[in-house]
Structure formats: structure tokens, C-alpha cells
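In what follows, residues are counted from 1 in the order of the sequence shown.
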Amino acid sequence: MSGEGKLVCVTGASGYIASWLVKLLLERGYTVKATVRDPDDPKIKHLHELDGAKERLHLLKANLLEEGSFDSAVDGCEGVFHTASPVFVSTNDPQADFIDPAVKGTLNVLSSCIKVQSVKRVVVTASLASIVFNGKPLTPDVVVDEIWFSDPAFCKESKYWYHLSKTLAEEAAWRFAKENGIDLITLHPGLVIGPLLQSSLNFSVEVISNLFNGNNQQPFKYYDYDLSLFLRKFLIYP
């Protein structure tokens, strides 16, 4: 499908999924408005080097916690891909580090979208974390489908702060979309690995790297599932 002449927005463009998304959109002819925290950060050098970037990639500064920060980014766009959300293994302040950026950030992006007439669809990168963490047994015979949702109370009790943030953010997104007539799609990746575009390891690739380096204890405490079962069920390759 050609994107020639079409304008789209990608938030959190320096991330692993977003970087690949920008690359694929440019390859298909789209003009891309990509938001990052700092357009002058040398860590986003790989975005400038993508084919078509000089002609059709516009990098804009945006802050997830700042209302109206995404207004200029979504203006004129037909599609918006919201991928920006913090990913850590641990935190001393889950509200500030996880929940506020995820929930308020999602609502700020959606709020910007309803201010313009051009946006036809919004795609939010949710997570496997917002689906399976509800305390129910996840055995090989279990089918995880659209009726599965993570339980905020269970996540909070277990101190699964990332899982909680993604669950609350998705709930907020669907509620806002229904109230404001937004055509919304949510995607739920688990581990996402493959060739790196950026210079630093993303969380998923770091998990696999640690396995090869013999440091396989901490990362998968994050998932609290048997490694082989997790990989077999949820591993995604770009």
C-alpha cells in the first residue's frame, strides 16, 4: 500500500518499535511527523539516516506529560501511531515513572487528535502486559484471547508497575475513544526482537542478550513465567 502524499505521526520515535515503524512508513512513501523528547539527541542519529528521512521525516519535540504538546505533531495527519511509553524493570516512584507518563501521555495524544479533522485512525501500542497479568494460571492449554485483561489490583499487589501502567493507559484510551468517536486500534506485543536500528539495546533485546551472557535471573522475574513457555507463546519478530 502506497503512502505517497499521506502524512502520519509516530510518537516516541526513538524507541525500537517506533524506529522500525518510521522506517517502514518512509519506505512506503509516507511523510512522517515523529516526536522525540530531544530532537538534538545523538541517540536518534539512526532516524536521520533512514532512506527518505531528508525529504519526508520531520522530528518534533514533545512531552507526554504536557497538555497540548502533541497538537502540532498530529495536525494534518491522517493516522497517528502512539508508541511512547516508559519501560523499566524497577522503580522507586511508579506513579511518576510509569503510570503518569503512560496514562496522561496517552490521553494527551488522543486529546490532540480530536482537535483536528484530519485524523482518521489512531493506533496505540499497548502490551501483552495489559492482557495476561490477572492471577489466572497460564498453562500451555490456555487460549489468551480478547476476553483476557490484566487486573489492576493484581498488578498493584504484585508491584508490576509497568503492567499496571499499560493496563490503565489502555483502559483510559478505549474510554476516551468511545466518548469522542475516535477510530482506535490497540496492538499487544510481548518481547520484540530483531535487527537494531538504534545504537542502544531495547528492553526485549537486552533480555535475550542477558540470557546469552548468563545473566538470566532478573529479566524474567519481570514476566514471572517459564521462559520457554513465554517465548513460545508471545515472541514477536519484526
E27 meets the side-chain contact (heavy atoms from CB on, under 4.5 Å) criterion, sequence neighbours left out, with K23, L24
What residue pairs, at least two apart or across chains, pass side-chain hydrogen bond (donor to acceptor under 3.5 Å, both in side chains) with a residue in residues 107-131?
D71-S112, D71-K115, R121-D183, S130-E170
State the CG-CG distance between L26 and L57, to the nearest 0.5 angstrom.
5.5 Å
I want to check something: taking the side chain as every heavy atom from C-beta on, are W161 and K156 in contact at a cut-off of under 4.5 Å?
yes
To the nearest 0.5 Å, how far apart are CD1 in I17 and CG in L187?
8.5 Å
Distance, nearest 0.5 Å, that separates SG of C155 from OH of Y162
11.5 Å
Just verifying a value: how many Å separate I182 CD1 and W174 CH2, rounded to the nearest 0.5 Å?
10.5 Å
Let me see the working for L59 and H48 under side chain to side chain contact (heavy atoms under 4.5 Å, CB included), right down to the final yes or no.
CA-CA 9 Å; L59 293 172; H48 294 282; 3.4 Å; yes
In the structure I gave you, are the side-chain heavy atoms of N134 and F149 within less than 4.5 Å of one another anywhere?
no
Can you check whether L64 reaches F70 side chain to side chain, under 4.5 Å on heavy atoms?
yes
Option from V36, L47, V22, V123 for which side chain to side chain contact (heavy atoms under 4.5 Å, CB included) with V10 holds
V22
For L107, the side-chain contact (heavy atoms from CB on, under 4.5 Å) test, sequence neighbours excluded, returns V103, A172, F176
By the side-chain hydrogen bond (donor to acceptor under 3.5 Å, both in side chains) test, which pairs, at least two apart or in different chains, include something from residues 49-65?
none
Pairs satisfying side-chain hydrogen bond (donor to acceptor under 3.5 Å, both in side chains), at least one member in residues 144-153, at least two apart
none
Would you say the side chain of S14 lies within less than 4.5 Å of the side chain of D41, judging by non-hydrogen atoms?
no
When rounded to the nearest 0.5 angstrom, what distance separates CG in L168 from CG in D100?
10.5 Å
List the atom pairs, donor and acceptor, that lie under 3.5 Å between side-chain atoms in residues 72-84 and the rest of the protein, sequence neighbours left out.
{"from": "H82", "atom 1": "ND1", "to": "T11", "atom 2": "OG1", "distance (Å)": "2.7"}
{"from": "H82", "atom 1": "NE2", "to": "T106", "atom 2": "OG1", "distance (Å)": "3.4"}
{"from": "T83", "atom 1": "OG1", "to": "T11", "atom 2": "O", "distance (Å)": "2.5"}

Yes or no on side chain to side chain contact (heavy atoms under 4.5 Å, CB included) for L25 and V8, after CA distance, side-chain angles and deciding distance?
CA-CA 9 Å; L25 288 167; V8 294; 3.8 Å; yes
Inter-residue atom distance T167.OG1 - Y160.OH, 0.5 Å rounding
12.5 Å
